[in-house]
Amino acid sequence: SQKIEQNSEALNIQEGKTATLTCNYTNYSPAYLQWYRQDPGRGPVFLLLIRENEKEKRKERLKVTFDTTLKQSLFHITASQPADSATYLCALWIGTYKYIFGTGTRLKV
Amino acid sequence: EADIYQTPRYLVIGTGKKITLECSQTMGHDKMYWYQQDPGMELHLIHYSYGVNSTEKGDLSSESTVSRIRTEHFPLTLESARPSHTSQYLCASSKHSNQPQHFGDGTRLSIL
């Protein structure tokens, strides 16, 4: 079955630098991949969706890449700010009605 | 800009009680979901609804039940709460199954 791997260790980054978070998956490439932000005690908030045939998607300081050969998506935040500190979740579409979510990577700026 | 609302936000209750967690959305979305999330863990889908009068169980086995009598309302019920039900329960909705989901802020449930 499809599995998602996100680095469970927290990522500490200096303000102003680019943060890069990784989402690896194990089996087939999903048609859709999403990134969410989750703050403590809150529900996830949608950030970006990228389709299988798209290599890259941008939104303001955020950029997502999708490499179906490596089975990997990278999520970049440029010019990181303390307000970017949160847990970032990767979600893969596995068909019918379901996304599966990774455990997330905690970012501290 | 919360368009999906969950109540209560926190609930501490004794074993054996019947509990209903409320979820309402104002976006007119057909698809609604219930997830369970423990600290530091991934979200697990426990229930899904395609639309009114249509519900399915998710991958994670759950003793809870759901109903979808109105598009905007998707309550989750535990008939007899147990300590193993202690968790955070998140409700979400989307326009289409493969599109972004809008989440509520969850109910943190503690069963004593």
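Order of the sequence lines sets the chain letters (A, B, ...), proteins ahead of strands, with each chain counted from 1.
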(message) Would a single hydrophobic cluster contain both A/Val45 and A/Tyr36, if residues Ile, Leu, Val, Met, Phe, Trp and Tyr are joined by side-chain heavy-atom contacts under 4.5 Å?
(response) no
(message) Quick check on B/Gln88 against chain A: is it the side chain, the backbone, both or neither that has a heavy atom closer than 4.5 Å?
(response) side chain
(request) Identify which part of B/Leu43 has an atom lying under 4.5 Å from any heavy atom of chain A, answering side chain, backbone, both or neither. (result) both
Can you tell me how far apart [atom1] ([X]) and [atom2] ([Y]) are? Round to the nearest 0.5 Å.
X: B/Ser97; Y: A/Tyr99; atom1: OG; atom2: OH; value: 9.0 Å
X: B/Gln37; Y: A/Thr103; atom1: CD; atom2: OG1; value: 10.0 Å
X: A/Tyr32; Y: B/Asn98; atom1: OH; atom2: CG; value: 4.0 Å

(request) Pick one of side chain, backbone, both or neither for A/Ile4, based on which atoms fall under 4.5 Å of a heavy atom in chain B. (result) neither
(message) Using heavy-atom distances under 4.5 Å, tell me whether A/Gln6 contacts chain B through its side chain, its backbone, both, or neither.
(response) neither
(request) Could you pull out the closest heavy-atom pair between B/Asp105 and A/Gly43, with the gap in Å? (result) OD1-N, 3.2 Å
(message) So which atom in B/Pro100 and which in A/Leu49 form the shortest heavy-atom distance, rounded to 0.1 Å?
(response) CD-CD1, 4.0 Å
(message) Can you confirm whether the side chains of B/Gln101 and A/Gln34 place a donor and an acceptor under 3.5 Å from each other?
(response) no
(message) Counting heavy-atom pairs closer than 4.5 Å to chain B, which one of A/Gly104, A/Gly41, A/Ala31 comes out on top?
(response) A/Gly41
(message) Between A/Arg42 and B/Gly106 (side chain of the first, backbone of the second, donor and acceptor by atom type, cut-off under 3.5 Å), is there such a pair?
(response) no
(message) What verdict does the ring pair (Phe, Tyr, Trp, His ring centres under 6.0 Å) test give for B/Phe103 and A/Phe46, after you've listed the backbone C-alpha separation in whole Å, the side-chain angles of each residue and the deciding distance to 0.1 Å?
(response) CA-CA 9 Å; B/Phe103 283 84; A/Phe46 169 73; over 10 Å; no
(message) Using a 4.5 Å heavy-atom cutoff, which residues in residues 55-86 of chain A come close to chain B?
(response) none
(request) Flag the pair B/Asp59 / A/Lys98 as yes when at least one side-chain heavy-atom distance between them is below 4.5 Å, and no otherwise. (result) yes
